[in-house]
Amino acid sequence: MIRTQSEALFSEALQYIPGGVNSPVRAFRAVGGKPFFVNKAKGCRVWDVDGNEYIDYVGTWGPAILGHAHPKIIAAVKAAADHGTSFGIPNPAEVTMAKLICSLVPSVQKVRMTNSGTEACMSAIRLARGFTKHDKIIKFDGCYHGHVDSLLVKAGSGALTFGNPDSAGVPADFAKLTIVLPYNDTESVKAAFAANKKQIAGIIVEPVPGNAGLYLPKPGYLEFLRESTKADGALLIFDEVMTGFRLAPGGAQERFGIRPDLSTFGKIIGGGLPVGAFGGRADIMDYLAPLGPVYQAGTLSGNPLAMAAGIAALEELGSRACESADHPRSHERGYDAYGRLEHLGALLEAGMKDAAKSAGIPMTFNHCGSMFCGYFTSEPVWNLADAMKADCERFKKFFHAMLDAGVYFAPSQFEAGFLSTAHSEADIAKTVRVAAKAMKQL
Ligand SMILES: *Cc1c(COP(=O)(O)O)cnc(C)c1O
């Protein structure tokens with residue numbers, strides 16, 4: 001595949017932008033080679049500046065659950081822009097968005113918008129500390145909650161890919177208040193609470209961790225986190241920036257039937273524009289300024305463009321009339337967006353497992369709804385330590401073989417893949433064919 005224009009742009013970018021990118025994983029460091037530059041995306045496809053076409057399983061890292069450039073989202077953004085891009089004064093779309101989130105997510109009674117998932121997590125932690133008057137936070141290794149100082153300890157995503165989970169510039173004193181434990185391990189949580197009685201503000205967790213690849217909670221694990229936080233007077237914070245509105249209309253908490261005290265969101269609720277949100281129990285949320293003592297603010301928070309895009313996305317996801325090339329009258333059979341995503345996810349899992357098996361390549365394929373990760377290891381993956389057993393050299397070769405055949409998976413073994421309602425059964429079939437061929441050459 002020829003990518004001369006991408007290469008030229010990357011050389012230029014390197015002169016003006018650190019590493020040539022505005023977010024580290026985009027630089028392809030984990031897989032080698034140079035990133036491609038994209039100037040068009042539609043449905044489940046992206047096109048690079050050299051005109052190459054790719055089936056995209058990154059979906060702008062989660063937001064594009066309806067595919068890229070969904071006509072309803074584009075129309076909503078254009079219509080909103082005609083009336084102004086930011087007011088800094090309350091606007092009606094903020095109320096619509098808040099009502100939508102509260103109606104969709106069972107545990108959210110009040111919600112506040114931010115501009116990114118990072119901000120949402122940072123604010124939720126501050127709120128948990130302000131509300132409980134405790135300082136310590138429990139997080140799990142491999143979970144990523146944005147590039148917040150006190151949360152950038154054994155974080156996943158780019159921090160993991162680059163082999164330095166702890167960032168320079170984070171004072172050791174900040175990190176001291178963060179207790180990092182292995183995911184899916186109940187004993188370590190019990191021990192942490194026993195050793196830090198009445199000092200823990202909360203547990204922040206990705207209910208289905210998707211920043212070290214993808215692994216699922218063991219049966220009973222999320223229930224255990226709910227019970228143990230409650231017993232100690234700590235808060236349970238679900239980071240649903242990735243899973244929110246993706247694993248079910250009400251996110252992982254609906255799928256697994258757990259009610260956290262606070263939740264954070266982002267990605268899908270911005271419809272592709274910069275956004276984040278955090279919400280939960282009204283008595284906790286009312287601790288925020290201007291009602292309460294916990295300060296949190298944002299010049300562009302709740303801006304009309306992001307609200308319009310997010311509202312359009314959530315409304316479209318909620319409509320049962322999710323039509324597609326494969327199932328043009330699918331809604332008549334009660335086959336909504338989420339049913340479709342489940343179906344596509346199961347199809348991809350079956351196909352990828354077959355491909356690996358017939359190539360004799362050990363692979364553990366984890367999947368939950370429309371999120372997935374194929375680890376090149378024969379062992380089950382339940383936490384970061386398991387994920388680290390994957391063969392990254394093999395992943396590098398696989399990634400490039402797929403890319404050169406027009407299929408874009410995330411450029412790291414430790415990132416989740418995402419399906420959208422715009423993927424068709426034919427797209428999955430092509431992906432599986434390409435993967436089967438690629439795996440035979442690994
Ligand atoms: C992406 C992500 C974040 C950070 O969101 P940004 O919008 O990139 O700041 C936080 N938590 C999780 C689980 C995420 O996947």
Side-chain angles (χ1 to χ4, degrees), residues 21-26 57-65 105 112-126 128 137 139-161 165 167 178 183 202-217 222 225 236-247 251-253 255-256 260 262-279 296 298 300-303 306 309-310 313 368-373 384 387 410-412 414-418:
V21 292
N22 281 314
S23 196
V25 210
R26 296 182 201 163
Y57 288 98
V58 181
T60 182
W61 301 93
I65 192 168
V105 187
R112 183 163 281 175
M113 304 307 298
T114 63
N115 300 295
S116 69
T118 295
E119 266 182 72
C121 294
M122 176 185 81
S123 305
I125 295 288
R126 183 180 304 149
I137 292 289
K139 81 174 280 288
F140 299 98
D141 56 8
C143 283
Y144 177 68
H145 307 293
H147 58 284
V148 180
D149 277 350
S150 58
L151 295 175
L152 213 49
V153 185
K154 304 219 170 151
S157 195
L160 186 64
T161 295
S167 169
T178 309
Y183 185 79
I203 292 183
I204 185 165
V205 60
E206 292 181 68
V208 179
N211 279 290
L214 180 83
Y215 34 84
L216 279 81
L222 296 176
L225 295 182
L236 180 61
I237 306 168
F238 270 12
D239 178 350
E240 296 230 42
V241 173
M242 191 183 271
T243 53
F245 313 97
R246 179 171 282 282
L247 294 183
Q253 55 194 274
R255 194 177 179 111
F256 293 93
L262 292 175
S263 304
T264 59
F265 305 101
K267 299 193 169 127
I268 287 173
I269 47 162
L273 270 77
V275 98
F278 64 108
Q296 186 276 336
L300 293 175
S301 295
N303 83 85
C368 187
S370 56
M371 293 166 68
F372 65 87
C373 179
L384 180 62
S412 162
F414 304 115
E415 298 287 353
F418 299 99

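These numbers come from a predicted model, not from an experiment. Sequential numbering from 1 along the given sequence is applied to the chain's residues. Each ligand, and each atom within it, is numbered from 1 in the order the structure gives. Just so it is clear, the values below take in all heavy atoms, side chains as well, and ignore hydrogens, waters and symmetry mates.
Judged purely by distance below 3.5 Å, without hydrogens or angles, the side chains of S412 and E415 never pair a donor atom with an acceptor atom. Looking at R246 and S370, their side chains do bring a donor and an acceptor atom within 3.5 Å of each other.
Below 30°, between 30° and 60°, or above 60°: for F265 and F245 the angle between ring planes is between 30° and 60°, a tilted geometry.
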Practice problem: Start with the C-alpha gap between Y183 and Y215, add the side-chain angles, then the distance that decides, and say whether ring pair (Phe, Tyr, Trp, His ring centres under 6.0 Å) holds. | Solution: CA-CA 10 Å; Y183 185 79; Y215 34 84; 5.7 Å; yes
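Protein residues lining ligand 1, listed by chain and number: S116, G117, T118, Y144, H145, G146, E206, N211, D239, V241, M242, K267 [non-hydrogen atoms, distance under 4.0 Å].
One finds the CG atom of L216 at 5.5 Å from the CZ atom of F256 (value rounded to the nearest 0.5 Å).
Every residue two or more places apart in sequence or in another chain was checked for a side-chain hydrogen bond (donor to acceptor under 3.5 Å, both in side chains) with R126, and none qualifies.
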